[in-house]
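Below is one structure, written out as structure tokens; comments come after it.
Computed from a predicted structure; not experimentally measured. When a residue number appears, it is its place in the shown sequence, counting from 1. When reading the values below, keep in mind they use all heavy atoms of this one structure, side chains included, and skip hydrogens, waters and symmetry mates.
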Amino acid sequence: MDDLYLKNCIEALIFAWGDPVDVKEIAKFFEIETSKVYKIIEEIKSDYNDRGVRLQIAGQLVSFNTNPEYGETIKSFGIQVLKKNILIF
């Protein structure tokens, strides 16, 4: 498996899983060293700099989260959708 394919697989796995994923579990699944997973995760994190979504690393757990800079926009959208759904009922 080449490095780009592995990086894309790890990115997709973290995104699709939804909940934080343990770096050790990723390493075990792909049969690679944890250090290599951390290196790839840092590359992915760098790819998401200045974006609406970011990769968060908390100890051995990694997950995608929204960038706090856009929190008010997300909150406003949620309120708008909630109001719309209340008016339907």
First locate atom [atom1] of [X], then atom [atom2] of [Y], and finally report the distance between them rounded to the nearest 0.5 Å.
{"X": "Asn8", "Y": "Asp3", "atom1": "CG", "atom2": "CG", "answer": "11.0 Å"}
{"X": "Asp22", "Y": "Lys28", "atom1": "CG", "atom2": "NZ", "answer": "10.5 Å"}
{"X": "Ile26", "Y": "Ile40", "atom1": "CD1", "atom2": "CD1", "answer": "9.5 Å"}
{"X": "Ile10", "Y": "Phe29", "atom1": "CD1", "atom2": "CZ", "answer": "10.0 Å"}
{"X": "Leu4", "Y": "Cys9", "atom1": "CG", "atom2": "SG", "answer": "9.5 Å"}

With Lys45 via side chain to side chain contact (heavy atoms under 4.5 Å, CB included) - residues at least two apart: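 Side chain to side chain contact (heavy atoms under 4.5 Å, CB included) check on Lys45 returns Glu42, Leu55, Ile57.
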For Ser63 against Pro20, the heavy-atom pair lying closest together: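 The answer is CB-CA, 3.8 Å.
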Glu43 vs Lys39, salt bridge (charged side-chain N to carboxylate O under 4.0 Å, His left out): CA-CA, chis, key distance, verdict: CA-CA 6 Å; Glu43 289 176 19; Lys39 180 181 178 285; 3.0 Å; yes
Neighbour count above 12 (heavy atom, 6.0 Å) for Asp2 CG: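 It does: Asp2 CG has more than 12 such atoms within range.
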Test side chain to side chain donor-acceptor pair (under 3.5 Å) applied to Tyr48 and Glu11, Gln56, Arg54, the passing residue: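 Exactly one candidate clears the test, Glu11.
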Any Ile32 side-chain heavy atom under 4.5 Å of Leu6 side chain: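 Yes, side chains in contact.
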Any Tyr38 side-chain heavy atom under 4.5 Å of Glu33 side chain: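 Of all side-chain heavy-atom pairs linking Glu33 with Tyr38, none is under 4.5 Å.
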Exam field: side chain Asn67 to backbone Arg51, donor-acceptor pair closer than 3.5 Å: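 Checking the backbone N and O of Arg51 against the side chain of Asn67, a donor-acceptor pair under 3.5 Å is found.
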Transitive ILVMFWY side-chain link [X] to [Y], under 4.5 Å:
{"X": "Phe64", "Y": "Ile74", "answer": "no"}
{"X": "Leu13", "Y": "Phe15", "answer": "yes"}
{"X": "Ile41", "Y": "Leu61", "answer": "no"}
{"X": "Phe77", "Y": "Tyr70", "answer": "no"}

